[in-house]
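The next block holds one structure in the form of structure tokens; read it before the comments.
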There are 2 protein chains.
Amino acid sequence: MGRTLIPHSLAKTIGHDMGRRIGIKDVAAAAGVSATTVSHILNEVEGKRVNPETRQRVLETARQLGYAPNGLARGLRLRRSNTIGFVSDQIATTPHAGRIILGAQEEAAKHGLLLLMLNTGGDPELERKEIDLLLQRQVDGVLYASMYHRVVEVPERLRSVPTVLLDARSDDPGVPSVVPDEVLGGETAVRELVRHGHRRIGFITNVDDIPATHGRLEGYRRALAEAGVAEDPRLVVADVSEAVGGYRAALRLLQAEERPTALFCFNDRMAMGVYRAAAELGLSIPADLSVIGFDDQELISDGLFPGLTTVALPHYEMGARAVVQLLALTGTPDQESGPGAQAQEMLPCPLVVRASVASPPRL
Amino acid sequence: MGRTLIPHSLAKTIGHDMGRRIGIKDVAAAAGVSATTVSHILNEVEGKRVNPETRQRVLETARQLGYAPNGLARGLRLRRSNTIGFVSDQIATTPHAGRIILGAQEEAAKHGLLLLMLNTGGDPELERKEIDLLLQRQVDGVLYASMYHRVVEVPERLRSVPTVLLDARSDDPGVPSVVPDEVLGGETAVRELVRHGHRRIGFITNVDDIPATHGRLEGYRRALAEAGVAEDPRLVVADVSEAVGGYRAALRLLQAEERPTALFCFNDRMAMGVYRAAAELGLSIPADLSVIGFDDQELISDGLFPGLTTVALPHYEMGARAVVQLLALTGTPDQESGPGAQAQEMLPCPLVVRASVASPPRL
DNA sequence: TTGACTTGTGTCATCGATGACATCGAGTGG
DNA sequence: CCACTCGATGTCATCGATGACACAAGTCAA
């Protein structure tokens, strides 16, 4: 029952070599030493003296045989799998996922760690099962990722393993997390508009009660305050965070008297709707109206005309930083990856300048 | 040096239990039987008789202690890690990635397998190293995924392990692969236009020499032939596969005399450009012009107005099928996951109807 | 009554790598 | 000349789970 991994017939076709993978003993035998010695040499164990000649011979033998250590055996012995779990709620629904994963994976690889991917689909029952699978695999830690910034509860099972929240935060300040700095992001966007001379700046926000909503609004306010502009509540309009919501909100804002000369949109999708509204109203972007988005979904921001200036979520960075935090928890030998770990880390969101922002008309 | 995974101080804060995870021996001791017996019971080994009373007691003990088998140890012993590698070239650059991964992951989970993720970034040197990491982890097989349908060479290292190509194909017909059926996809799109009564159908294609280009064009031709429409070479225009390319191509096609009443676009991004061109020319979609895209990038197709009818790439399905194929190679016990494996599998691309297709004007 | 069987369970070796400790020969100082 | 150190390498147990096989106690037929 499945002892042999590959049916012989197939194996031949595809070109597998059927022999066992060679282990440390094979190298030892071939080099005429003991397995221990080989281990010492290959791992460059300190405090172990080895005859340079022997070392050379063993190294050469290992190379020739194409020896690669068996991670399972090593993991068993060392009680460390060099593997971390990546659990996400909705890996698929957002294009952001890729960059978070990439950041995590590349940072992990730097430390010889591999990522075990899992998607719960938001189903708690499934989540329990999947986390169990992860624990069985003896993961050294877990990245618990959300696909948009929010507050989550850490599942009970994960308490037995070092865990870092990714694009999510816990109410328990003891749980390390990495999230984007929404406030600063909002500030960045609005400052850019202010910098171009805008004073009447609308904010098209969304209706969901999530950190991004509150944070970006707060950032909007701070930037206005900083510029000495009094906030006009009529300039803040909320709608669903999709193209159609942006469209509706923009129509409202742009048809009011004393219309804003610039719009800061909760996200790029809403900005997409703003473009349509502007076109229908005969307003040219950026000559008549400056627009700035959030998220930097390149499909949109690059696809729109003119290109949408926006604030990028630091997805790659978040993934990478989360791994660093996890490493700090698990106490790896090499911890030279930037700033030390903080419990709840917030990453800045960089401005991505394209072509949708200019000075306001009729200055 | 890192023997203990968690610094004690931190551990306390976060709530890790510092004790070793309990192993089979602990259960055995607690239940007053041998480890072997526990193993037999938990694995429901056939041909092994166990006293129902003992079974009950062991099961209960295991549950109480929260026992979970150590995957590393089991993998070592059974020479099977129940893990498969997912190697992709560009995990991040496309939103499709998520769904492929999800499909693969969910199908894998059904069989108790976990996915080890890796991204090569297209760097062969890095790829070699990463694949080595995978092999060290004793993966049972590898999914080698490309982020757009193309022909690839299987890296030398992977020949020692069962491999299935995902959204990629090899010249060697012996290498199993799963790709979308581009030709059928093109046919599907154009048939939809024909069905609505269109006869003058333009094809905005791209300039890259990849299977999608040739396949979709072939599908376009077949559908026309099927409808008894003579192909007019002036109706096929190629440009870069982005919004701007679609924009340019559309301007050309729509400003020519006897303009097409419908446009089939190589992808949704090009269709996005077509929308802009149509708007500039004062053509209303779908009243004056029907448009159909390809890829179903929801960000676009759902964000455009009116919604873009398009042909979806079966990403989720591809991921899932690839796992099934891999399972067939590795010979798992349960192989009841749909149709049996074929060497080079092509999956149909379903039509996604939104609102950009209608009957041609002035019938 | 005894050998053949059944039933239920335990013993032991094994998977591959590693660390603590043992060993062994060659120097070295007293 | 001998106890001792040091350099170089080997022995053995171990990590946790599992399979082949052994074994003890009971059942049954001859």
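Note that these values count all heavy atoms, side chains included, but never hydrogens, waters or copies made by symmetry. Quick caveat: nothing in here was measured; it's all calculated off a predicted structure. Naming: A, B, ... by sequence-line order, numbering from 1 per chain.
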If we check side-chain contact (heavy atoms from CB on, under 4.5 Å) with A/I41, which of these qualifies: A/V38, A/T37, A/N43? A/T37
Mind checking if B/V38 touches a base, just sugar-phosphate, or nothing, with heavy atoms under 4.0 Å? nothing
Euclidean distance, atom CD of residue B/E46 to atom P of C/dG8 [Å, nearest integer]: 17 Å
Length of the CG-P vector between B/L65 and D/dG16, whole Å: 15 Å
Could you work out which one of C/dT9, C/dG10, C/dG16 sits closest to the side chain of A/I24? C/dG16
Determine the contact category for B/R74: base if any of its heavy atoms lies under 4.0 Å from a base atom, sugar-phosphate if only primed atoms, P, OP1 or OP2 are that close, otherwise nothing. sugar-phosphate
Which nucleotide in C/dG19, C/dT9, C/dA17 has an atom nearest any side-chain atom of A/A73: C/dA17
Would you say B/D89's side chain and B/M147's backbone share a donor-acceptor pair under 3.5 angstrom? yes
side-chain N/O A/T54 vs D/dT9 OP1/OP2, d < 4.0 Å: yes
Tell me the interatomic distance from B/N82, atom CG, to D/dG16, atom P, rounded to whole angstroms. 19 Å
Counting only side-chain heavy atoms from C-beta out, which of C/dG8, C/dG19, D/dC15 sits nearest to B/R49? C/dG8
For atom CZ of A/R79 and atom P of D/dC15, their distance in whole Å: 7 Å
Closer to the 5' end of DNA chain D via nearest nucleotide, is it B/H40 or B/L76? B/L76
More 5' along DNA chain D: B/N43 or A/G32, using each one's nearest nucleotide? A/G32
Can B/E60 and B/R57 be counted as an ion pair, charged N to O under 4.0 angstrom? no
Side chain of B/D26, backbone of B/G23: donor and acceptor closer than 3.5 Å? yes
Rounded to whole Å, please give me the gap between CG in B/L72 and P in C/dT14. 22 Å
Interatomic distance, A/D26 CG vs C/dC15 P [rounded to whole Å]: 11 Å
Search all heavy atoms of A/S81 against all heavy atoms of A/D140 and return the closest pair with its distance. N-OD1, 3.0 Å
Separation of atom CD1 in B/I41 from atom P in C/dG8, rounded to whole Å: 11 Å
Can a donor-acceptor pair under 3.5 Å be found between the side-chain atoms of B/T36 and the base atoms of D/dG19? yes
Please report, rounded to the nearest Å, how far the C1' atom of C/dT23 is from the NZ atom of A/K48. 13 Å
D/dA8 phosphate, OP1 or OP2: any side-chain N/O from A/T37 under 4.0 angstrom? no
